[in-house]
Amino acid sequence: QRPLLVVCRGEACRARGADAVWHACLDAYVAAKARGDDSGAVPVETPCLRRCEDAPAVAWCGEPRAVAAEDPAATAALAAWQVDARPQGD
């Protein structure tokens, strides 16, 4: 899977230049695709990264993992573990 570059488009980030960041990423992505280069990150926008103090916020997901499970409860448990990845027993 290709890395993801997640650009926050929340209110605080937009006020501090997120639109310019998003369009620069999108333009670079389109240019790379036009050259046939699929090696770079895929830009993805999100309504909020909850990093307003770092606005405009961008998150790099170098090794994104897609989880395909037929059991929604198992998918939910795995996703929750990724959010709260403390050693077992804590």
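Because the structure is a prediction, the values reported are computed rather than measured.
- L26 and V7 fall within a single hydrophobic cluster, where Ile, Leu, Val, Met, Phe, Trp and Tyr side chains are chained together by heavy-atom contacts under 4.5 Å.
- A pairwise comparison of heavy atoms in A41 and P43 identifies O-CD, 3.6 Å as the closest pair.
- One finds the SG atom of C13 at 7.0 Å from the CG atom of L49 (value rounded to the nearest 0.5 Å).
- How far CD of E45 is from CG of D19: 9.5 Å, rounded to the nearest 0.5 Å.
- Note that CG of D38 and OH of Y29 are 7.0 Å apart. Values are rounded to the nearest 0.5 Å.
- Not a single donor-acceptor pair under 3.5 Å links the side chain of R9 to the backbone N or O of T46.
- For the pair V58/V21, a side-chain contact is recorded, criterion being any heavy-atom separation below 4.5 Å from C-beta on.
- The main-chain N or O of P56 is never found under 3.5 Å from a side-chain atom of R51 such that the two would form a donor-acceptor pair.
- Put simply, the side chain of R2 gets close to the backbone of G40: a donor and an acceptor are under 3.5 Å apart.
- Linking ILVMFWY residues whenever their side-chain heavy atoms come closer than 4.5 Å, directly or via other members, leaves V6 and W22 in distinct clusters.
- Under a hydrophobic clustering in which Ile, Leu, Val, Met, Phe, Trp and Tyr are joined whenever their side-chain heavy atoms come within less than 4.5 Å, directly or via other members, V42 and W60 fall into different clusters.
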